[in-house]
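Only one structure is covered here, and it is reproduced in the block below.
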Amino acid sequence: MSQTLALFVDAYRDLNARKLFWITLILSGVVMAGFAMVGVGPAGVSILHWEIPRPPFSLSPLSFYRFLFTQAMIGFWLAWAQIILALVSTCGIFPDFIVGGSIDLFLSKPIGRLRLFLTKYFAALLFVALQVTVFSIGAFLVFGIRAHSWEPRLFLAIPIILAVFSYLFGFCVLVGVVTRSSMTAVLVTMLFWFLLWGLQRAETVTLAIELEHTQRADRADAELRALDQRAKSASGATTSPASGPSVWQQLNPLRSTLRSTQGRDQLLEQRTSARAQANSVGWWHRLLYNFRSVLPKTTETANLLDRELLSPEDEVAVMHPPGQRRRARLQGEDNPAEELVATLRTRSLGWIVGTSLAFEAVCLTLAAWLFCRRDY
C-alpha cells in the first residue's frame with residue numbers, strides 16, 4: 001500500500017510540475033469571475049449594474065440563468081476547453097514514461113506492471129477531478145450569491161465531466177502506449193473526439209427529420225379520418241319528403257364529392273410521401289444510432305447535467321421559441337422539438353454511460369496488456 005501511495009504521489013508531482021494545473025485553475029477563475037458579473041433578479045438578467053432585455057425564450061429569469069450556466073460554463077468551458085487542457089497536460093504520461101527511460105527505475109523494484117499502469121492512470125483522473133471540484137465549488141457559490149438559488153446539483157458536474165474525460169483519456173492512453181508519442185496521442189484523440197461529435201450531430205439531425213416527417217404523416221392520417229367522417233355525415237343527410245330536391249341541391253353534393261375526392265387524393269399523396277421520407281431517413285438514423293452504441297457518448301454525458309438543471313419545457317423553449325411555434329401552427333407546420341427533447345431524455349444511463357465505460361474498459365485493457373507485455 002505504501003508503494004502504491006508513493007507511486008501515486010510521484011505521478012501527481014510529475015503532472016503538477018507541468019504547470020498546466022495552475023494555469024487551468026487560473027483560467028477557470030477568470031471564467032468564473034466573468035460569469036459572476038451576470039446576475040438575475042425579478043426584472044430579468046443583468047451584467048453588473050446594467051439590465052439586459054429579456055431573451056426571446058419563454059423562460060423565467062432563473063431558468064435563463066441556468067441555461068447560460070449550462071451552455072457557457074458547462075457546455076463550453078468544462079466540457080470542451082478544460083478537457084482539452086487536461087488532455088494536453090496528461091497525454092504525455094505514458095509516452096514520456098516509456099521513452100524517457102524512467103520506467104527502468106520503477107521496473108527494477110518489486111512493483112507489478114499492472115499496478116504501475118493503473119496508478120499512472122488514476123493519478124491523471126485525480127488531476128482532472130481536483131480541477132473540476134474547485135470549479136464546481138466556485139460555481140455553487142456564484143450561483144447562490146448572484147442567482148439567489150443554492151443548487152447542490154451543480155456538484156454532479158464532477159462525476160459527469162470526469163466521465164467524459166476518462167472516455168477520451170482511455171483512448172489517448174492506448175494511442176500513447178502504441179505510438180510512444182505524446183503529440184500523436186493528443187492529435188489522434190482530438191480527431192477521435194471530433195468524429196464522436198460529428199456522429200452525434202448527424203444522429204440527432206436525422207432523428208429530428210424522421211420525427212418531422214412522421215408527424216406530417218400522422219397529421220395527414222388525422223385529416224383523412226376527419227374528411228371521411230364529414231363525407232359519411234353528408235351522405236347520411238336526407239331531403240324533405242314533401243318536395244323533391246332542386247337542380248342546385250342535386251349539384252351541390254356532386255361538387256362536394258369532387259372537392260372531397262381531390263382533397264383526399266392530395267392527403268394520400270402527402271401521407272405516402274411523408275412515410276417514405278420518414279422510412280428513408282429513419283434507416284440512416286438507426287444505422288448511426290447502432291454505430292454510436294459501441295462508441296463513447298461525450299456530448300450526451302455532458303448533457304446529463306442539463307437534465308437536472310433544465311426542465312423539458314425549458315429545453316423546448318430554447319430550441320423553438322414561442323414566436324416561432326405560433327407561426328408554425330398558423331402556417332400549418334409541424335414542431336418536432338417537444339418529441340425530440342422527450343426522445344433524447346428517454347435514453348438511459350446504461351446506453352449513455354454504460355456503453356461508454358465499456359469502450360473505455362476495452363481501450364484500457366488493450367493498453368495495459370501492451371504495457372505489461374512489452375520489453376523496455
key: Selection residues 287-310 - residue pairs positive for ring-ring contact (aromatic ring centres under 6.0 Å, His included), sequence neighbours left out   =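 Qualifying pairs: Tyr289-Trp351.
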
Closest heavy-atom contact between [X] and [Y]?
| X | Y | result |
| --- | --- | --- |
| Tyr121 | Phe94 | N-CZ, 4.0 Å |
| Leu85 | Trp77 | CD1-CH2, 4.2 Å |
| Phe359 | Val294 | CD1-O, 3.4 Å |
| Thr355 | Ile352 | OG1-O, 4.1 Å |
| Ala278 | Thr214 | CB-OG1, 3.7 Å |

With sequence neighbours excluded, residues passing salt bridge (Lys or Arg N to Asp or Glu O under 4.0 Å) with [X]:
| X | answer |
| --- | --- |
| Arg345 | Glu315 |
| Asp218 | Arg275 |
| Arg153 | Glu151 |

Would you call [X] and [Y] a side-chain contact if the rule is heavy atoms closer than 4.5 Å?
| X | Y | result |
| --- | --- | --- |
| Trp283 | Asn279 | no |
| Trp150 | Ile145 | yes |
| Leu287 | Trp284 | yes |
| Glu210 | Gln215 | no |
| Glu223 | Arg219 | yes |
| Leu305 | Leu78 | no |
| Leu196 | Pro296 | yes |

task = Verify ring pair (Phe, Tyr, Trp, His ring centres under 6.0 Å) between Phe69 and Phe76, making sure each step is shown before the conclusion.
result = CA-CA 10 Å; Phe69 181 82; Phe76 172 73; over 10 Å; no

ask   = Parallel, tilted or perpendicular for Trp193 and Trp80, by the 30°/60° rule?
value =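 Ring orientation, 0 to 90° scale: parallel.
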
inquiry  = Would you say Thr343 and Glu339 are linked by a side-chain donor-acceptor pair, where the criterion is simply a distance under 3.5 Å?
reply    =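 Thr343 and Glu339 do not have a side-chain donor-acceptor pair below 3.5 Å.
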
query = Does the side chain of Gln131 come under 3.5 Å of the side chain of Ser28 through a donor N or O and an acceptor N or O?
reply =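 No, Ser28 and Gln131 have no side-chain donor paired with an acceptor closer than 3.5 Å.
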
key: Glu300 with Arg292: basic N within carboxylate O range, under 4.0 Å   =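 So Glu300 pairs with Arg292 through a salt bridge.
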
Could you tabulate the donor-acceptor pairs under 3.5 Å formed by side-chain atoms of residues 157-179, not counting sequence neighbours?
unit_1: Ser166; atom_1: OG; unit_2: Leu162; atom_2: O; d: 3.4
unit_1: Ser166; atom_1: OG; unit_2: Ala163; atom_2: O; d: 2.7
unit_1: Ser166; atom_1: OG; unit_2: Glu360; atom_2: OE1; d: 3.1
unit_1: Tyr167; atom_1: OH; unit_2: Thr301; atom_2: OG1; d: 3.3
unit_1: Thr179; atom_1: OG1; unit_2: Val175; atom_2: O; d: 2.7
unit_1: Thr179; atom_1: OG1; unit_2: Ser181; atom_2: N; d: 3.4

task = Output, in order, the C-alpha distance, side-chain angles, deciding distance and verdict of side-chain contact (heavy atoms from CB on, under 4.5 Å) for Leu288 and His285.
result = CA-CA 5 Å; Leu288 291 170; His285 169 253; 5.8 Å; no

inquiry  = Does Arg347, at its CZ atom, have more than 12 non-hydrogen atoms belonging to other residues, nucleotides or ligands within less than 6.0 Å?
reply    =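 Atom CZ in Arg347 is packed in, count exceeds 12.
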
inquiry  = What's the separation between atom OG1 in Thr365 and atom CG in Leu370, rounded to the nearest 0.5 Å?
reply    =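 Those atoms lie 11.0 Å apart.
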
query = How far does CZ of Arg201 sit from OG1 of Thr206, to the nearest 0.5 angstrom?
reply =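 So the CZ of Arg201 and the OG1 of Thr206 are separated by 11.0 Å.
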
ring-ring contact (aromatic ring centres under 6.0 Å, His included) partners for Phe155, two or more places apart =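 So Phe155 forms a ring-ring contact (aromatic ring centres under 6.0 Å, His included) with Phe140.
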
request  = Please check if the side chain of Ser280 supplies one atom and the backbone of Ala276 the other of a donor-acceptor pair under 3.5 Å.
outcome  =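 A pair under 3.5 Å: no.
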
